2 protein chains.
Amino acid sequence: MNIGEAARRSGVSAKTIRYYEGIGLIPAAGRTASGYRAYSANEVETLRFIQRARSLGFSVDEVGTLLELWRDRSRASADVKAVALKHVTAIETKIAELESIRRTLLDLTNRCCGDDHPDCPILDGLAAK
Amino acid sequence: MNIGEAARRSGVSAKTIRYYEGIGLIPAAGRTASGYRAYSANEVETLRFIQRARSLGFSVDEVGTLLELWRDRSRASADVKAVALKHVTAIETKIAELESIRRTLLDLTNRCCGDDHPDCPILDGLAAK
DNA sequence: CCTTGACCTTCCAGTCACGGGAAGGTGAAT
DNA sequence: ATTCACCTTCCCGTGACTGGAAGGTCAAGG
C-alpha cells in the first residue's frame with residue numbers, strides 16, 4: 001500500500017506520516033523497488049492509534065510513550081493510566097485558564113454598549129487596572 | 001528608561017519588546033547616543049496594554065487591531081466589542097473541545113483499573129473504535 | 001510509443017510567539 | 001583599571017506540522 005492509501009485509511013496525512021518517520025515516532029517504512037514507501041495493515045493500525053491519541057491532545061512525545069506501552073505486552077496498566085491522568089490534569093488546568101479568561105472577557109464585553117461612540121470599557125480594562 | 005526597566009514595569013520581557021518592535025507591533029523606540037533603546041512612561045503603558053491583551057489570549061495580530069482602536073479616538077466601541085466577542089467564541093469552542101477530550105479520557109481511565117496487569121481499556125480505546 | 005495526470009520522492013522554508021545564547025559594546029561604581 | 005550589570009545584533013531552536021519546488025514513477029488512453 002502506498003503512502004497516500006495509508007494516509008486515507010489512517011486519517012494521518014502523507015506529509016505527517018513522513019514527518020513521524022523522520023522524527024522516529026514510527027520506524028522507517030519498507031520501500032518498493034522504485035523507492036515508494038510501502039505500508040501494511042499493521043502499520044496503518046499504528047497510524048490510526050497515533051491519530052486517535054493526537055486527537056485526544058497527547059503530545060507526539062506522549063504518543064511515543066503510549067506506543068511503547070501498547071507494544072509492550074508486559075506493561076502495567078498503571079503506567080498507561082498515569083500518562084492519561086497526567087494529561088487529564090493538564091487539560092483541566094487549561095480549561096480553568098480559558099474559563100477565567102472567558103469570564104473576564106464577558107465581564108468587559110457586557111459593560112461595553114458596542115455602538116458608534118468611542119467610549120469602551122474593554123479598551124479601558126486593557127489599558128489600566 | 002532602558003529596555004530592562006521598561007520590561008520590569010510592563011511585564012513584557014526585553015527580548016519580547018525587541019521582538020514586537022521587529023514585527024512592527026510597536027514603533028521603533030528612540031535611542032540614546034550609545035544606541036540603547038529609550039522608553040517613556042507612555043510607551044510602557046502601551047506595553048502593559050499589550051501584556052494584558054496577550055494574557056487574555058488575543059493573538060499578536062488581534063493585539064495590533066486593538067492597539068489601533070485604542071489609539072483611534074474616533075473608533076466605534078462596536079468594533080472593539082466585535083473583536084472581543086469573536087475571541088470569546090474562539091475560547092468557548094476551545095473549551096468545548098477540551099471538555100469533550102476530558103470526558104473521553106475520564107471514561108477510559110475510569111475503566112482502567114491501573115494495576116500491574118497489562119490489560120488496559122485506555123490502550124484498547126486508542127487502538128480501535 | 002507518447003503523453004497525461006495522479007501519484008511518489010527529497011529538501012527547504014514558513015508558521016506562532018517567542019527564548020537561549022554567542023559575541024561584543026556601554027555605564028556606573030569601586 | 002576593573003568589575004559587573006546592562007545593552008546591542010545575530011542566528012538557532014521550539015512543536016507539529018503545512019506548503020511548495022523540482023524531479024522521478026506508474027497506469028491508462030490515444
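On a predicted model such as this, the values are computed, not experimentally measured, just so you know. The chains referred to below are lettered A, B, ... by the order of the sequence lines, with proteins before strands, and numbering in each begins at 1.
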C:dG27 P sits how many Å from B:M1 CE, rounded?
18 Å
Under 4.0 Å between a side-chain nitrogen and a carboxylate oxygen: does that hold for B:E21 and B:R37?
yes
Respond yes when some side-chain nitrogen or oxygen of B:S34 is under 4.0 Å from OP1 or OP2 of D:dC7, and no when none is.
no
How long is the line joining CD of B:E5 and P of D:dA5, in whole Å?
17 Å
Is the backbone of B:D115 close enough, under 3.5 Å, to the side chain of A:S77 for a donor and an acceptor to pair up by distance?
yes
Would the number of heavy atoms belonging to other residues, nucleotides or ligands and lying under 6.0 Å from CG of B:D61 be above 12?
no
Where along residues 82-96 of chain B does a heavy atom fall under 4.0 Å from DNA chain D?
none
Give the intermediate values and the outcome of side chain to side chain contact (heavy atoms under 4.5 Å, CB included) for residues B:L67 and B:F49.
CA-CA 8 Å; B:L67 271 177; B:F49 180 98; 3.6 Å; yes
More than 12 foreign heavy atoms under 6.0 Å from CD of B:E68: is that the case here?
no
Measure the distance from CZ on B:F58 to C1' on C:dC16 and round it to the nearest whole Å.
17 Å
For the helix from C:dC1-D:dG30 to C:dT30-D:dA1, figure out the bend between the end axes, five pairs an end, and round to 10 degrees.
30°
Using 4.0 Å as the upper bound for N to carboxylate O, is an ion pair formed by B:D107 and B:R111?
yes
Identify whether the distance between the nearest side-chain nitrogen and carboxylate oxygen of A:E97 and A:K94 falls below 4.0 Å.
yes
For residues 14-32 of chain B, which residues have at least one heavy atom under 4.0 Å from DNA chain D?
B:K15, B:R18, B:R31
Salt-bridged, A:R8 to A:E5, with N to O below 4.0 Å?
yes
Take the protein atom CD1 of A:I3 and the nucleotide atom C1' of C:dC7, then report the distance between them rounded to whole Å.
11 Å
Donor-acceptor pair, side chain of B:H87 and main chain of B:L56, under 3.5 angstrom
yes
Are a donor atom and an acceptor atom from the side chains of B:D72 and B:S74 found within less than 3.5 Å of each other?
yes
Is there a side-chain contact between B:R37 and the phosphate of D:dT8, meaning an N or O under 4.0 Å from OP1 or OP2?
yes
Starting from the 5' end of DNA chain C, give me the residue, B:D61 or A:Y39, whose nearest nucleotide shows up first.
A:Y39
What are the two closest non-hydrogen atoms of A:S10 and A:I17, and how far apart are they?
OG-CD1, 4.5 Å
Of C:dG27, D:dA16, C:dC18, the nucleotide closest to the side chain of B:Y36 is C:dG27
